[in-house]
Participant: 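Supplied in C-alpha cells, the structure appears directly below.
All values below were derived from every heavy atom in this structure, side-chain atoms included, with hydrogens, water molecules and symmetry-related copies excluded.
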Amino acid sequence: MSSDTADHPAGSYYAATMGEAPAFPVLDDDARADVAILGGGYTGLSAALHLAEKGLDVVLLEQNRVGWGASGRNGGQIHTGQRRDVDWLEARFGYDRARRLWEMAESAVYLVRDLIGRHGIDCDLREGLFHVMHKGRYVEDARRHVEVMRDHYNYERLEWWERERLAEALSTPVYFGGWRDACGGHLHPLRFAQGLARAAAKAGARLCENTKVTAIPPDGAPRLVTERGTVTADTILVAGNGYLAGLDPDLEARVMPINNFVLATEQIGAGRPGGLIPGGEAISDSRFVVHYWRPTADGRLLFGGGETYTHRPPSDVASFVKKHMLKIYPQLKDVKVTHAWGGTLAVTVNRLPYLRRLRTGVYASCGYSGQGVTIAPYAGKIIAEAIADRPAEFDEMARFPCPPFPGGKWLRAPSLAAAMSWFALRDRL
C-alpha cells in the first residue's frame, strides 16, 4: 500500500490499489482566476479539465485529496440513463423531454469512455451490467421496460434474461429475472478520478489539495474563502456534493448527504471462467436501498449494501455489509473480507441531479443520488460549456425540479431516515 493512502479511507480497496497518487499543493495565498471550483471529485475535475482545454484560467480547491469523497469510494458502476427511468420522466415531462434527457445520459456514458481513452486513464474499465429483480412481481414491468427502450428509444443494447439463465451468469438463484446492458460496465473509481486530475493539471488547471473552503460570501465578486487565502474569480462552481454543510443554505436544504458502505473479499476468482460472475459484469438490483456488486480486476467480489443517515458509521463495517452479501451469496460465508469502507454521497428528494445557477457568477452541481460515475463528469462538462456561452445542455438539466427536503435543517435527516427505513421494509415484504 502506498504511503499516499493515509489521506484516503484506511480500509478502502481503492486506496490500497490506486498506485502512485498525484499530489497537488496547498493554496496558501490569495489568487485570481477566470473560474474557481470547490471540490476535487468527478464534477469539479471534469469542469476544470474542460475549462482549461478552452483556455480559461482555473483554480480548483479540494479540502482533502482529489477523489477523496464519493468519487473515490463508490461502487464503480457505469449505468445508462438518468437516475429515474424513462417511464417516470415521461409521466412528468412528456416523451420529447424524456427522450432528450435519455440522449444526454447516453452522452454521459460516452464521455466517461472518451475521457478514459483520450487521456490514457488506467482504471480497469470492463463492459457489461445486469439490473436484476428481487421480487417476482417486478418481472412483468421490467420486461416491458426493455421493450420500451428498444421500440421507443432505439436502444437495443438491453437484453432480457430469464431466471435460469440469469442464475448461471450471476452465480446465484435468488433473482427472478433481469436485463443485461451491454453499454453498462464498471471501473476503478479512484483511479478514474486521479486520471481526470492529471489530465486537468496537464491542460493548465491549477489544482490545490488540503485546502478547505470555509465560506462562499453571498455578496461582491464570486470568491471562495479558505483558511489561508481567497480565490476571486469571474465564475465559481460549487461541486462538493455531500460535503457542503454550512456553505450555502439553499444547497443544504435541497441536497442530503447519506452514507453507503462497501466491502471487498479476498481473491476468489470472481469475474473469471469458473468463478462467480464469469462474464465479469457489474450487477445492481431492484431494491430501493439497492444492493450492487461486481468483480474486481484481481478476482475479488466488491459488494455494496446498507446505508446510514448519521455521521457515525457502523462499528464493524465489514459485518454490516457482509450480512447483505450473504443473502445473495451464502456460499461466501467463510470467505475473508480484506477491505471495508464507507463514504458520503448526496441525494435529492426526487433523485434527480441538482444543477443550478445560484446567482450571477455562481454555479452548483450535486445530488447525483447514486448515478455519479456517469452524470457527474458530464455535469462538469456541460457547466464548462455554459460558462463558455454554450448553455443549452446545462439549461435542460437545470430545469429538473428540486424541492427542499421537508423538516428544515434539523428535521430533514430524521425524516429521510424514516422514509428510507420504510422503503427498506418494503424491499423485504
Participant: Say whether, by atom type as modelled, one donor and one acceptor occur between the side chain of Ser284 and the main chain of His131 under 3.5 angstrom.
Facilitator: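 Such a contact is absent between Ser284 side chain and His131 backbone.
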
Participant: Suppose the criterion is ring pair (Phe, Tyr, Trp, His ring centres under 6.0 Å): which pairs have a residue in residues 198-242, not counting sequence neighbours?
Facilitator: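 Those involving residues 198-242 do not exist here.
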
Participant: For residues Thr211 and Cys208, report the shortest heavy-atom separation together with the two atoms involved.
Facilitator: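 So the two residues come closest at OG1-CB, 3.9 Å.
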
Participant: Run the side chain to side chain contact (heavy atoms under 4.5 Å, CB included) test on Leu56 and Thr235 for me, step by step, so that the C-alpha distance in whole Å, both residues' side-chain angles and the decisive distance to 0.1 Å come before the verdict.
Facilitator: CA-CA 11 Å; Leu56 278 74; Thr235 306; over 6 Å; no

Participant: Consider only side-chain N and O atoms of Asp250 and Tyr354, and report whether a donor and an acceptor are under 3.5 Å apart.
Facilitator: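 On atom types as modelled, these side chains qualify, holding a pair under 3.5 Å.
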
Participant: Please report the interatomic distance CG(Leu129) to CD1(Ile283), rounded to the nearest 0.5 Å.
Facilitator: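 Reported value, rounded in 0.5 Å steps: 7.5 Å.
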
Participant: With Thr348, which residues qualify under side-chain hydrogen bond (donor to acceptor under 3.5 Å, both in side chains), at least two apart?
Facilitator: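 Thr348: side-chain hydrogen bond (donor to acceptor under 3.5 Å, both in side chains) contacts with Asn350.
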
Participant: Can you check whether Leu345 reaches Ile258 side chain to side chain, under 4.5 Å on heavy atoms?
Facilitator: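 Side-chain contact under 4.5 Å: yes.
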
Participant: How about Tyr42 and Val373: do any of their side-chain heavy atoms sit closer than 4.5 Å?
Facilitator: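 Tyr42 reaches Val373 side chain to side chain.
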
Participant: Not counting sequence neighbours, list each pair that qualifies as a side chain to side chain donor-acceptor pair (under 3.5 Å) and has a residue in residues 189-207.
Facilitator: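 The answer is Asp57-Arg206, Asp124-Arg191.
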
Participant: Could you tell me whether the side chain of Glu385 and the main chain of Arg390 form a donor-acceptor pair under 3.5 Å?
Facilitator: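 No, the answer is negative, given that no donor and acceptor are paired below the 3.5 Å cut-off.
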
Participant: Short question: side chain of Glu227, backbone of Thr214 - any donor-acceptor pair under 3.5 Å?
Facilitator: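 Checked: no pair found.
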
Participant: May I ask you to decide if His186's main-chain N or O and Arg126's side chain share a donor-acceptor pair within less than 3.5 Å?
Facilitator: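 No, Arg126 side chain to His186 backbone: no donor-acceptor pair under 3.5 Å.
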
Participant: Any ion pair linking Glu106 and Arg157 (charged N to carboxylate O, less than 4.0 Å)?
Facilitator: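 Judged by the 4.0 Å cut-off on N to carboxylate O distance, Arg157 and Glu106 do not form a salt bridge.
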
Participant: His79 and side-chain hydrogen bond (donor to acceptor under 3.5 Å, both in side chains): which single residue from Gln77, Arg83, Gln82 fits?
Facilitator: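 Going through Gln77, Arg83, Gln82 one by one, the side-chain hydrogen bond (donor to acceptor under 3.5 Å, both in side chains) with His79 is satisfied by Gln77 alone.
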
Participant: Report the C-alpha separation of Asp7 and Asn64 in whole Å, then their side-chain angles, then the decisive distance to 0.1 Å, and conclude whether the side chain to side chain contact (heavy atoms under 4.5 Å, CB included) test is met.
Facilitator: CA-CA 7 Å; Asp7 293 329; Asn64 294 291; 5.9 Å; no

Participant: Salt bridge between Arg113 and Glu127, side-chain N to carboxylate O under 4.0 Å?
Facilitator: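 The answer is yes: the pair qualifies as a salt bridge.
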
Participant: Would you say the side chain of Leu45 lies within less than 4.5 Å of the side chain of Phe192, judging by non-hydrogen atoms?
Facilitator: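 No - every pair of side-chain heavy atoms lies 4.5 Å or more apart.
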
Participant: Hey, does Glu62 have a side-chain heavy atom less than 4.5 Å from the side chain of Phe24?
Facilitator: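 Contact flag for Phe24/Glu62 side chains = no.
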
Participant: Kindly say whether Met104 contributes a backbone atom to a donor-acceptor pair with the side chain of Glu393 at under 3.5 angstrom?
Facilitator: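 No, Glu393 side chain to Met104 backbone: no donor-acceptor pair under 3.5 Å.
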
Participant: What side-chain donor-acceptor pairs closer than 3.5 Å can you find for residues 358-367, not counting sequence neighbours?
Facilitator:
{"unit_1": "Tyr363", "atom_1": "OH", "unit_2": "Arg357", "atom_2": "NE", "d": "3.3"}
{"unit_1": "Ser365", "atom_1": "OG", "unit_2": "Tyr368", "atom_2": "OH", "d": "2.6"}

Participant: Taking Phe130's backbone N and O only, do any of them form a donor-acceptor pair with Glu281's side chain (distance below 3.5 Å, no angle check)?
Facilitator: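 Not at all, since once roles are kept as given, no pair shorter than 3.5 Å links the two residues.
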
Participant: Distance check, rounded to the nearest 0.5 Å: His339 atom NE2 versus Leu302 atom CG?
Facilitator: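 So the gap between those two atoms works out to 10.0 Å.
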
Participant: For residues Ser171 and Tyr329, report the shortest heavy-atom separation together with the two atoms involved.
Facilitator: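 Of all heavy-atom pairs spanning Ser171 and Tyr329, the closest is O-CE2, 3.4 Å.
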
Participant: If you take all heavy atoms of Ala388 and Lys54, which pair is closest and at what distance?
Facilitator: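 Smallest interatomic distance, heavy atoms only, reads CB-CD, 3.8 Å.
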
Participant: Please give me the minimum heavy-atom distance between Ala346 and Val255, naming the atom from each residue.
Facilitator: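 For Ala346 versus Val255, the nearest heavy atoms are CB-CG1, 3.4 Å.
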
Participant: Under 4.0 Å between a Lys/Arg side-chain N and an Asp/Glu carboxylate O for Glu396 and Arg97?
Facilitator: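 Judged by the 4.0 Å cut-off on N to carboxylate O distance, Glu396 and Arg97 do form a salt bridge.
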
Participant: Drop me the distance from His188's NE2 to Leu125's CG, to the nearest 0.5 angstrom.
Facilitator: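 So the NE2 of His188 and the CG of Leu125 are separated by 13.0 Å.
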
Participant: Just do the side chain to side chain contact (heavy atoms under 4.5 Å, CB included) check on Asp34 and Leu51 with the steps written out, would you?
Facilitator: CA-CA 9 Å; Asp34 295 324; Leu51 288 163; over 6 Å; no

Participant: Would you mind reporting whether Val317 and Leu263 have side-chain heavy atoms less than 4.5 Å apart?
Facilitator: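 Result no, sub-4.5 Å side-chain heavy-atom pair not found.
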
Participant: Can you confirm whether Arg73 sits close enough to Val262 that some side-chain heavy atom of one is under 4.5 Å from a side-chain heavy atom of the other?
Facilitator: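 SC-SC contact between Arg73 and Val262 ruled out.
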
Participant: Out of curiosity, Ile382 CD1 to Thr43 OG1, how far, rounded to the nearest 0.5 Å?
Facilitator: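 OG1 of Thr43 is found 10.0 Å from CD1 of Ile382.
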
Participant: Enter the distance from Asp298:CG to Ile268:CD1 here, rounded to the nearest 0.5 Å.
Facilitator: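 One finds 10.5 Å between CG of Asp298 and CD1 of Ile268.
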
Participant: Kindly say whether Ala398 contributes a backbone atom to a donor-acceptor pair with the side chain of Arg356 at under 3.5 angstrom?
Facilitator: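 Side chain of Arg356 to backbone of Ala398: a pair is present.
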
Participant: Please enumerate all residues that pass salt bridge (charged side-chain N to carboxylate O under 4.0 Å, His left out) together with Arg32, with sequence neighbours excluded.
Facilitator: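 Only Asp234 meet the salt bridge (charged side-chain N to carboxylate O under 4.0 Å, His left out) criterion with Arg32.
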
Participant: Does Arg180 pair with Glu159 as a salt bridge, N-O distance under 4.0 Å?
Facilitator: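 Judged by the 4.0 Å cut-off on N to carboxylate O distance, Arg180 and Glu159 do not form a salt bridge.
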
Participant: Apply side chain to side chain contact (heavy atoms under 4.5 Å, CB included) to residues Leu301 and Met325 and explain how you reach the verdict.
Facilitator: CA-CA 10 Å; Leu301 186 70; Met325 182 182 74; 4.0 Å; yes

Participant: Got a second to check how far His119's NE2 is from Leu196's CG, nearest 0.5 Å?
Facilitator: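 Rounded to the nearest 0.5 Å, the NE2-CG separation comes out at 7.5 Å.
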
Participant: So does Val132 get a backbone contact from the side chain of Asp285, meaning a donor-acceptor N/O pair under 3.5 Å?
Facilitator: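 Between the backbone of Val132 and the side chain of Asp285 there is no qualifying donor-acceptor contact (under 3.5 Å).
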
Participant: With a 4.5 Å cut-off on side-chain heavy atoms, are Leu38 and Ile216 touching?
Facilitator: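 They are in side-chain contact.
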
Participant: Report yes if some heavy atom in the side chain of Asn74 is under 4.5 Å from a heavy atom in the side chain of Tyr292; otherwise report no.
Facilitator: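 No - every pair of side-chain heavy atoms lies 4.5 Å or more apart.
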
Participant: Are Trp341 and Tyr14 linked by a side-chain donor-acceptor pair shorter than 3.5 Å?
Facilitator: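 Side chains of Trp341 and Tyr14: no pair found under 3.5 Å.
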
Participant: Which atoms form the tightest heavy-atom contact between Pro377 and Leu115, and what is the distance?
Facilitator: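 What the structure gives for the nearest pair is CB-CD1, 4.4 Å.
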
Participant: Measure across Gly81 and Gln371 and return the closest heavy-atom pair with its distance rounded to 0.1 Å.
Facilitator: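 So the minimum-distance heavy-atom pair works out to O-NE2, 2.8 Å.
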
Participant: Give a yes or no answer on whether the side chain of Arg294 reaches the backbone of Gly75 with a donor-acceptor pair at less than 3.5 Å.
Facilitator: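 Judged by distance alone, yes, a pair lies under 3.5 Å.
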
Participant: Is it true that, when you exclude Lys212 itself, more than 12 heavy atoms of the residues, nucleotides or ligands shown sit nearer than 6.0 Å to its NZ?
Facilitator: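 Counting neighbours around NZ of Lys212, 12 or fewer heavy atoms of other residues, nucleotides or ligands fall under 6.0 Å, so no.
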
Participant: Would you confirm whether Arg254, through its side chain, and Cys402, through its main-chain N or O, come within 3.5 Å as a donor-acceptor pair?
Facilitator: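 Yes; judged by distance alone, with no hydrogens or angles, the pair exists.
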
Participant: Knowing that exactly one of Phe93, Tyr95, Tyr155 qualifies, which makes a ring-ring contact (aromatic ring centres under 6.0 Å, His included) with Trp102?
Facilitator: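 So, applying the ring-ring contact (aromatic ring centres under 6.0 Å, His included) to Trp102 and each of Phe93, Tyr95, Tyr155, only Tyr155 qualifies.
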
Participant: Can you confirm whether Arg228 is buried at CZ, in the sense that more than 12 heavy atoms of other residues, nucleotides or ligands lie under 6.0 Å from that atom?
Facilitator: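 Count not over threshold, so no.
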
Participant: Once ring-ring contact (aromatic ring centres under 6.0 Å, His included) is applied, do any residues pair with Tyr243, and if so which ones, sequence neighbours excluded?
Facilitator: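 Tyr243 satisfies ring-ring contact (aromatic ring centres under 6.0 Å, His included) with Trp68 once adjacent residues are dropped.
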
